[in-house]
There are 2 protein chains.
Amino acid sequence: MSKRRKASIEDVARRAKVSITTVSRVINRVPTVSRKNQVKVEEAIAALKYTPDVNAQRLARGLSNAVGLVMPGYPGIFHSFYAIELIRGVGHACETLRLDMVFHITNGYNPLSTAGVGGIIFADIIENRSQIEAAVEAGVSCMVINNIVDDLDVSYIGVDNIAGGRVATDYLVSLGHTKVAIITGNIRAQAGAQRLEGFKQTLKEKEVAVRPEYIVEGDYSRRSARLAAEQLLELPEPPTAIFAASDDMALEAMTVIMERGLRVPDDISVVGFDDNPSSIYGPVALTTIRQPLFQMAESAVRNLNAIVLGKKKPPIRNILSPQLVVRESCARPPIQ
Amino acid sequence: MSKRRKASIEDVARRAKVSITTVSRVINRVPTVSRKNQVKVEEAIAALKYTPDVNAQRLARGLSNAVGLVMPGYPGIFHSFYAIELIRGVGHACETLRLDMVFHITNGYNPLSTAGVGGIIFADIIENRSQIEAAVEAGVSCMVINNIVDDLDVSYIGVDNIAGGRVATDYLVSLGHTKVAIITGNIRAQAGAQRLEGFKQTLKEKEVAVRPEYIVEGDYSRRSARLAAEQLLELPEPPTAIFAASDDMALEAMTVIMERGLRVPDDISVVGFDDNPSSIYGPVALTTIRQPLFQMAESAVRNLNAIVLGKKKPPIRNILSPQLVVRESCARPPIQ
DNA sequence: TTAGTTTTTGAAAGGGTTTTCCTCGTCGAG
DNA sequence: CTCGACGAGGAAAACCCTTTCAAAAACTAA
């Protein structure tokens, strides 16, 4: 348990009897090193258990090979499929690109340290404009997921949430439903607000009444969905169809419905949002709106990386169309 | 949109007409700076929108002010309450300690870059010994959560999972149950295996038969719990009590039970593990074993930080007792 | 052998901070 | 007045690497 300091590139060079430069070349796989020196250096590295100092590398290269991910930390949201898929996607892309992901869970008010990252991804579930602005101001490249920010010089990738809301609602209406309700996501965040917007638009266009009591706010948590579903079912005239802004919420709504002795889809149709693979199982497979969260996150990292490396010019803006996935949780409304 | 390079400490010094040293002192709040210079420097910093280069700071200080968090990426596990609470806890502690959290989602086989972090936290849901060994080998301090590793020079904090399994099982048995089943977590990971171990131990001690068909493996996902619960209920002689190794699984098991027209706790008792706040809601509040995930994660960060700073000597080993939280999902078994 | 190429190599100049060690004043005590 | 102490500020070394540029070495062809 000697207090020896970590070996540096110089120690390796000395031991291998070559220059520091040569060692650096071996580390970075520059091909112009003779076989003989290559071996000597590798041996020295192994013997000294040398690993390059990442901070020194970053400093010397002027590049950080790290990307920031900032995400709000409110438990209800953080525990959602949505959030986790995004994290997974970013993590996966970072792994294949050999990038470090520095993950910042923010509570909105605290300052963001741009912490030497090449770029920052905002998984902007809740609005956190000021942080994005600060990052732009500080000159770091930004990429925001599932949130359209046109007035700032940032890139984004996301799904068309208005379209998503429309597709879901349109499907329900086309089945003949006129009493259709929505359990929204957090409506202070763009995604939640826009899905609701799509819902309203479609209802209006199809000349179906949009009743305020059919609009109840959730926060993507199962608990909020339970409360919302109960509220909906206790209405004097309960809806015959419910569009929930996430699969988890849809699943919970289904559970509540069945607890009351009603059937899905016979009595009430349910459509979700996400296409969470686990919503295929359960008593009835969930019809939903698919958004490729994992791929969006991966793509965000790739594009951001390309921007940082100067291979692409920002802003890159990419908005995808969500798709209806029909399974078993929707049917025509029951005849009165 | 000029291509100007980020301002450096030297630019600030020049503009404020002081030395680099003085600027550094202001940045680091060293008190020996005169009021006058202090102000000049602060003005220059503001004017130049200067922020210190984190990598240079880390290099010069020889300290990284970043902690690594490595966690397995298998979707079933990653989406669990368990994993997310741990992430939240680490994130929160990092935020208050002003540390960067570099989050590495591993698939087990890929090498871990120790990436210039001061220490690494292993949320060791699945065994990843080799990575821990590599980190120890590389000389970085390690802290593992919810996993006892006594043969390596690492610290850990966690709950006594055997005790947890015992408490749950004991409670069920004490209510009079003799047909008690378990839906395990991933049994290749220590937590899962130990909860099962506690279950078996208690049954043996209380002289209750441990029947192999009452032990079914889950992976913490709701889906696996559904499969497991169905399997259990279709047994010729179904259990009258089920211990699930996570609240999510317990909740799903409850749903399956109720879908079949059975009641909780009248027909079947259910106990979970975690004390996920959302399991209070639902048709019946869940009795569970509480483990303070968030606090454990926070504590892991604090202790690791203390070790890195040399304020504490490793290994720090802390194992907590999980506690039974009685709510409404358990009762005496039905009379035949 | 020689001149001309090509492949390998190394010295040294950064890269942006922190930190150690001085110096230069100023002030109070004697 | 002088000496010592103290407060404030700066020069330069250190941190560990990458990269540029030029030189050395090894070939190749004539």
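Convention: sequence-line order gives letters A, B, ...; per-chain numbering from 1. Just so it is clear, the values below take in all heavy atoms, side chains as well, and ignore hydrogens, waters and symmetry mates.
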Participant: Salt bridge check: are E43(A) and K40(A) linked by an N-O gap of less than 4.0 Å?
Facilitator: no
Participant: Salt bridge between D53(B) and K6(B), side-chain N to carboxylate O under 4.0 Å?
Facilitator: no
Participant: Regarding R58(A) and D100(A), does a basic nitrogen lie under 4.0 Å from an acidic carboxylate oxygen?
Facilitator: yes
Participant: Pair N146(B), Y156(B) - check side chain to side chain donor-acceptor pair (under 3.5 Å), show working.
Facilitator: CA-CA 7 Å; N146(B) 236 347; Y156(B) 53 74; over 6 Å; no
Participant: Residues two or more places apart in sequence or in another chain: which of them pass side chain to side chain contact (heavy atoms under 4.5 Å, CB included) with L152(B)?
Facilitator: R129(B), I132(B), E133(B), V149(B), V154(B)
Participant: Could you tell me how far apart Q57(B) (CD) and dC16(D) (C1') are, to the nearest whole angstrom?
Facilitator: 16 Å
Participant: What integer distance in Å separates I45(A):CD1 from dC17(D):C1'?
Facilitator: 13 Å
Participant: If each of I27(A) and R61(B) is mapped to the nucleotide of DNA chain D with the nearest heavy atom, which maps nearer the 5' terminus, i.e. the 5' end?
Facilitator: R61(B)
Participant: Could you verify whether a donor N or O on one side chain and an acceptor N or O on the other, from S155(A) and K312(A), lie under 3.5 Å apart?
Facilitator: no
Participant: Round to the nearest Å and state the distance from K6(B) atom NZ to dG16(C) atom C1'.
Facilitator: 10 Å
Participant: Given that S24(B) and A56(A) both sit by DNA chain C, which one's nearest nucleotide is further toward the 5' end?
Facilitator: A56(A)
Participant: Scan nucleotides 4-11 of chain D nucleotide by nucleotide, 5' to 3', and note B when protein non-hydrogen atoms come under 4.0 Å of the base, S if they reach only the sugar-phosphate, - if neither.
Facilitator: ----SBBB
Participant: From CG of L59(B) over to P of dG14(C), roughly how many Å is that when rounded to an integer?
Facilitator: 17 Å
Participant: Could you tell me how far apart N55(B) (CG) and dT18(C) (P) are, to the nearest whole angstrom?
Facilitator: 13 Å
Participant: Checking T22(A) against S19(A): is there a side-chain donor and acceptor pair closer than 3.5 Å?
Facilitator: yes
Participant: To the nearest Å, how far apart are D53(A) CG and dA14(D) P?
Facilitator: 17 Å
Participant: Closer than 4.0 Å, any side-chain N/O of N28(A) to the OP1 or OP2 of dT18(D)?
Facilitator: yes
Participant: Using whole Å, what does the distance between atom C1' of nucleotide dA12(C) and atom CD of E10(A) come to?
Facilitator: 13 Å
Participant: Starting from P on dT17(C), measure out to CG on L63(B) and report it in whole angstrom.
Facilitator: 17 Å
